[in-house]
Amino acid sequence: MKLATTTGDFGRYNLSYIGCIDRVAKAGFKYLDLSLYTVKKDNPLFYNDNWQDEVLKIKAHAKSRGLTFVQCHSPSTNNLSDNENSYEDAVFKTVRATRICDILEIPNMVVHAGYNEKITDREIWFAENKKFYLDVISATPESKVNILFENTTKKNMPVGMYLFSGKDMRDFADFVNHPRIHCCWDTGHANCEGNQYDDIINMGDELYAVHFNDNSGRGDEHIIPFMGTMNSDEVISALIDIGFRGPLTFECDSALRPYDYWQGDRKRFTRSTLLSDPPLELQQEIESFMYKAGEYILKAYNIFEE
């Protein structure tokens with residue numbers, strides 16, 4: 001099994017996409033998950049007439065360093081939001097991300113399903129999200145990119161309908177029933193719900209990608225395995241038992257917690273902020289540790305691929 005991580009590990013340091021790629025590679029990773037999660041108004045891949053040229057620069061740079069993109073996370077959108085133009089925004093960004101993946105030859109892209117606290121009916125949620133995914137597919141008929149939806153935890157979405165279990169995931173995949181739409185399992189979300197092995201088994205051959213991260217079980221923390229309560233043996237055993245052929249992709253971008261954090265900000269001290277955020281040098285060190293942890297996990301089961 002190949003070992004990958006997200007370029008989002010360095011996303012908060014105001015580096016370019018190429019700068020993030022170089023930092024991940026410096027830690028030892030050869031396989032990359034391109035994070036497009038945060039799209040600002042000056043993003044050259046989304047708001048630039050020459051966006052294709054920018055993508056080709058990224059592709060050439062990765063190739064020159066012997067790096068391979070194996071996965072992508074699409075921009076943060078919500079097709080079920082009540083906000084004006086949210087659906088159109090979700091379609092635009094997801095379609096553009098799909099075309100970026102095609103250029104970079106990325107096979108799988110994770111795209112969050114929509115969420116609305118007022119939608120509690122399972123059938124309505126299924127139907128509305130199916131429409132969104134199929135609208136993206138119909139806008140990119142020539143694409144070979146698989147679009148993967150993801151489980152979450154009630155710690156993140158306590159009200160309303162979403163996908164919390166492997167059975168939910170498999171049911172939705174079967175409901176959509178399209179050859180380009182499949183599952184991504186987030187182990188951190190699952191750890192909060194207390195489910196892993198049986199749920200991975202339930203997804204079976206519909207599981208195309210993994211977000212591998214840990215937490216205390218009290219919230220979605222995106223930390224490195226062995227730093228929380230997740231049982232990695234359970235996860236790896238399940239992946240082996242279903243014949244999972246994808247990469248083991250870390251999503252541990254908060255292993256060093258930033259100052260402003262969506263799960264809770266660091267306490268403020270107005271007199272000084274010298275230690276408010278972990279510096280780039282420390283992030284580089286923990287990135288190297290994360291690679292070693294992943295290598296250890298895969299080698300323990302004799303499934304590590306160079």
Side-chain angles (χ1 to χ4, degrees), residues 6-8 11 33-40 43 46 71-83 85-98 100-101 106 108-119 122 124-137 139-140 145-166 168-173 175-176 178 180-190 192-193 199 203 206-213 215 219-222 249-254 262-263:
T6 171
T7 58
D33 178 338
L34 178 68
S35 176
L36 302 175
Y37 191 74
T38 302
V39 177
K40 298 178 180 179
N43 189 295
F46 289 84
Q71 204 164 299
C72 173
H73 201 309
S74 72
S76 174
T77 63
N78 184 0
N79 74 84
L80 294 183
S81 171
D82 291 328
N83 293 335
N85 299 322
S86 60
Y87 190 88
E88 292 78 8
D89 179 67
V91 171
F92 163 71
K93 288 177 180 174
T94 308
V95 167
R96 174 61 59 83
T98 303
I100 291 168
C101 288
I106 298 175
N108 296 314
M109 179 175 70
V110 178
V111 181
H112 288 175
Y115 174 70
N116 190 312
E117 292 183 354
K118 292 179 289 188
I119 299 178
R122 193 172 193 257
I124 293 173
W125 190 96
F126 271 36
E128 292 294 325
N129 275 294
K130 177 179 180 177
K131 178 184 183 302
F132 165 66
Y133 286 122
L134 292 184
D135 280 351
V136 172
I137 293 289
T140 57
V145 178
N146 293 314
I147 293 177
L148 314 182
F149 53 89
E150 181 179 352
N151 62 306
T152 195
T153 168
K154 294 182 180 69
K155 303 289 186 181
N156 292 348
M157 298 176 179
V159 180
M161 169 61 201
Y162 211 81
L163 304 171
F164 299 108
S165 71
D168 287 339
M169 297 282 282
R170 182 74 196 211
D171 287 349
F172 184 59
F175 177 79
V176 177
H178 192 283
R180 281 177 54 196
I181 300 178
H182 306 282
C183 305
C184 170
W185 188 247
D186 187 297
T187 64
H189 297 164
C192 290
E193 295 301 298
D199 292 77
M203 284 179 288
E206 280 294 335
L207 182 60
Y208 274 52
V210 173
H211 283 164
F212 194 51
N213 61 93
N215 55 54
D220 187 20
E221 297 167 336
H222 284 211
T249 304
F250 280 119
E251 194 181 48
C252 306
D253 48 303
S254 298
W262 72 286
Q263 285 283 7

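Sequential numbering from 1 along the given sequence is applied to the chain's residues.
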Exercise. For the residue pair His182 and Tyr208, does the interplanar ring angle fall in the parallel (under 30°), tilted (30 to 60°) or perpendicular (over 60°) class?
Worked result: parallel
Exercise. side-chain contact (heavy atoms from CB on, under 4.5 Å) with Met109: which of Leu148, Ile100, Thr94, Asn146?
Worked result: Thr94
For this session: Report yes if the side chains of Val136 and Val111 come closer than 4.5 Å at any heavy-atom pair, otherwise no.
Result: no
Problem set entry | Nearest heavy atoms of Cys101 and Val145, plus distance in Å | CB-CG2, 3.6 Å
Exercise. Can you check whether His189's main-chain N or O pairs, donor with acceptor, with Asp186's side chain at less than 3.5 Å?
Worked result: yes
Problem set entry | ring pair (Phe, Tyr, Trp, His ring centres under 6.0 Å) involving His73 - partner list, sequence neighbours excluded | Tyr37, His112, His211
For this session: Specify whether Phe132 and Tyr87 have parallel, tilted or perpendicular ring planes, treating 30° as the upper limit for parallel and 60° as the lower limit for perpendicular.
Result: perpendicular
Exercise. With sequence neighbours excluded, what pairs up with Lys118 under the side chain to side chain donor-acceptor pair (under 3.5 Å) test?
Worked result: Asp82
Seminar exercise, completed: Rounding to 0.5 Å, atoms NZ (Lys93) and CZ (Arg96) come to a distance of 11.5 Å
For this session: Please assess Leu36 against Ser74 for the test side-chain contact (heavy atoms from CB on, under 4.5 Å), listing each intermediate value before the final yes or no.
Result: CA-CA 5 Å; Leu36 302 175; Ser74 72; 5.8 Å; no
For this session: For Gln263, enumerate each residue passing the side chain to side chain contact (heavy atoms under 4.5 Å, CB included) test, keeping only those at least two apart in sequence or located in another chain.
Result: Asn156, Asp220, Arg257, Tyr261
For this session: Starting from the C-alpha separation in whole Å, work towards a yes-or-no answer on side-chain contact (heavy atoms from CB on, under 4.5 Å) for Thr6 and Thr249.
Result: CA-CA 7 Å; Thr6 171; Thr249 304; 5.6 Å; no
Problem set entry | Backbone of Ala113 reached by a side-chain donor or acceptor of Tyr133 within 3.5 Å | yes
